[in-house]
Amino acid sequence: MIDLRSDTVTRPTEKMREAMYKAEVGDDVFGDDPTVNRLQETVAGLLGKEAALYVPSGTMANQVAIKSHTQPGDEVIAEVNCHVFNYESGAPAMLSGVQVHTLPGNYGVYTAEQMQAAIRGPDHHLPPTRLALIENTHNRAGGTIFPVDEMKRIRSVADQHGIAIHLDGARLWNASAATGLDLRAWADLADSVSVCFSKGLGAPVGSMIAGSKVFIDRAHRFRKVFGGGMRQAGIIAAAALYAVQNHRSRLVEDHQNCRLLAETFAELPGVILDLNYVQTNILIVEFNDKAPYDGPGFAAAMKEIDVWLLPTAPRKVRLVTHLDVSRQDVDEACGKIREVWKQEL
Ligand SMILES: *Cc1c(COP(=O)(O)O)cnc(C)c1O
């Protein structure tokens, strides 16, 4: 079976399991787990931040960050298709009591002008704009990279208005691998950053929040409030540390594999796909009304022949490449995609 539904489906490698087996551990709620501490220091260093905090999930990372930046009744600016607004179960409203002000982006990218226009004035009818979110790479837009130049312009608008920026960098690793830019190209422009170890890097669990020492102290308290304090978490942190040290450079293979899948689809009649926006490891394919399948129909036909992908809308499917998908798997999947398409033409 070739599982292209998500890069979260990877299983720990032998070497990763070995690192987990050998991990030194302690009680991390007491700050005593040496492996967690090493992971936090390593990732804070990579992101150019003073401190970092290990959390169980990317959702918790984002929500603890939002809670740490805001007060109830504040407003948070975000791109309309972002993960925080769509896939975190209403958490900003439920956990932080904030309102999300959404902006329509181009493949996940909003502009400094759009942000400027969304910032509220001092009128007592209006909620204070406190935080702006940026997602890089952008999941629902198909793994697109947020341009550094636009983020610089957004930073300057944020500075003029005393607004903080949180970077949802669940897949910031992919943005860095695809562009050759350092993670800090984006991280330096944000007050806080979250990254995931459980996506393309292939670790079984965990995410990190990074920021200033003062910010991470606040976040530490809210991690406890949200139930995210973990004990001998070095067992899973060891896998994350292994992934950060060994699996970053191979992400470019995932990007090449994703491109092969994209090129295969681009040649099929009835497919809507702009190859310029296939930039990392996520491919979103849209079918027009002349296509032989709709999204769920195509996913079902592919599943019959052991290629799993995800219908994400009535006429859309998503494919994601990752650590457990080889070049050979992708060649096989491309052949099967052409075959299944031809059968119904
Ligand atoms: C996966 C993801 C998250 C976190 O998801 P979890 O399932 O909670 O780990 C956050 N942001 C983006 C953009 C993601 O793709």
Side-chain angles (χ1 to χ4, degrees), residues 3-10 12 43 47 53-67 76 78-92 94-96 100 102-103 105 107-110 131-146 151 165-178 183 186-187 190 192-210 219 222-223 226-228 230 233 236-237 239-240 243-244 251 254-255 258 277 279-284 310 312 318-323:
D3 194 345
L4 298 167
R5 289 172 301 166
S6 174
D7 49 9
T8 58
V9 301
T10 57
V43 175
L47 294 170
L53 185 69
Y54 188 47
V55 291
S57 72
T59 298
M60 190 182 285
N62 286 334
Q63 296 307 324
V64 165
I66 291 169
K67 185 76 183 165
V76 176
E79 201 278 329
V80 67
N81 286 311
C82 75
H83 195 276
V84 164
F85 183 61
N86 292 279
Y87 301 128
E88 300 188 8
S89 209
M94 201 189 279
L95 302 178
S96 297
V100 181
T102 58
L103 304 176
Y107 285 85
V109 177
Y110 66 84
L131 178 67
L133 301 177
I134 287 179
E135 185 171 311
N136 187 24
T137 66
H138 198 291
N139 182 338
R140 204 171 172 187
T144 46
I145 297 164
F146 207 98
M151 190 163 169
I165 296 180
H166 174 68
L167 172 60
D168 177 356
R171 293 187 183 81
L172 193 63
W173 316 107
N174 294 83
S176 169
L183 298 165
W186 297 276
S192 58
V193 185
S194 55
V195 291
C196 290
F197 307 115
S198 55
K199 308 257 162 101
L201 290 188
V205 200
S207 291
M208 194 69 85
I209 316 168
F222 291 123
R223 182 182 73 174
F226 291 173
M230 297 182 284
I236 49 174
V244 168
L251 291 173
D254 295 345
H255 302 165
C258 186
Y277 292 98
Q279 298 171 353
T280 57
N281 69 326
I282 304 178
L283 172 63
I284 310 265
L310 209 63
T312 53
R318 187 182 86 162
L319 297 87
V320 187
T321 54
H322 52 76
L323 185 60

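Just follow the structure's listing: the first ligand is 1, and inside any ligand the first atom is 1.
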K.L.:
Pair H322, N281 - check side-chain hydrogen bond (donor to acceptor under 3.5 Å, both in side chains), show working.
P.N.:
CA-CA 7 Å; H322 52 76; N281 69 326; over 6 Å; no
K.L.:
State whether the shortest distance between N or O atoms of D168 and N or O atoms of ligand 1 falls below 3.5 angstrom.
P.N.:
yes
K.L.:
Ignoring angles and geometry beyond distance, decide whether C196 reaches within less than 3.5 Å of ligand 1 through its nitrogen or oxygen atoms.
P.N.:
no
K.L.:
Looking at A210 and L47, what are the two nearest heavy atoms and their distance?
P.N.:
CB-CD1, 3.8 Å
K.L.:
Keeping the roles fixed (side chain from W186, backbone from F146), state whether a donor-acceptor pair exists under 3.5 Å.
P.N.:
yes
K.L.:
Which ligand 1 atoms, with their elements, are less than 4.0 angstrom from a heavy-atom of N62?
P.N.:
10 (C), 11 (N)
K.L.:
Please check: side-chain N/O of R5 versus main-chain N/O of L319, any donor-acceptor pairing under 3.5 Å?
P.N.:
no
K.L.:
Work out which heavy atom in G108 is nearest to a heavy atom in H138; give both atom names and the distance.
P.N.:
CA-CD2, 3.2 Å
K.L.:
Which heavy atom of the protein is the closest neighbour of atom 9 (O) of ligand 1, given with residue, atom name and distance?
P.N.:
G58 N, 3.0 Å
K.L.:
Looking only at N/O atoms, are S198 and ligand 1 under 3.5 Å apart anywhere?
P.N.:
no
K.L.:
What protein heavy atom lies closest to atom 10 (C) of ligand 1? Include the residue and the distance to one decimal.
P.N.:
H83 ND1, 3.4 Å
K.L.:
Relative to each other, are the rings of Y107 and Y277 parallel, tilted or perpendicular (30° and 60° limits)?
P.N.:
parallel
K.L.:
In ligand 1, which numbered atoms sit nearer than 4.0 Å to a non-hydrogen atom of E88?
P.N.:
10 (C)
K.L.:
Among all protein heavy atoms in this structure, tell me which lies nearest to atom 7 (O) of ligand 1, with the distance rounded to 0.1 Å.
P.N.:
T59 OG1, 4.3 Å
K.L.:
At a 4.0 Å threshold, what atoms of ligand 1 neighbour a non-hydrogen atom of E135?
P.N.:
13 (C)
K.L.:
Give me the residue, atom name and distance of the protein heavy atom closest to atom 14 (C) of ligand 1.
P.N.:
K199 NZ, 2.9 Å
K.L.:
Please check: side-chain N/O of S57 versus main-chain N/O of M60, any donor-acceptor pairing under 3.5 Å?
P.N.:
yes
K.L.:
Need the ligand 1 atom indices (1-based, order shown) with element for anything under 4.0 Å from a heavy-atom of N139.
P.N.:
14 (C), 15 (O)
K.L.:
Side chain of E135, backbone of N139: donor and acceptor closer than 3.5 Å?
P.N.:
yes
K.L.:
Before signing off on this row, confirm whether R171 and ligand 1 have an N or O atom pair separated by under 3.5 Å.
P.N.:
yes
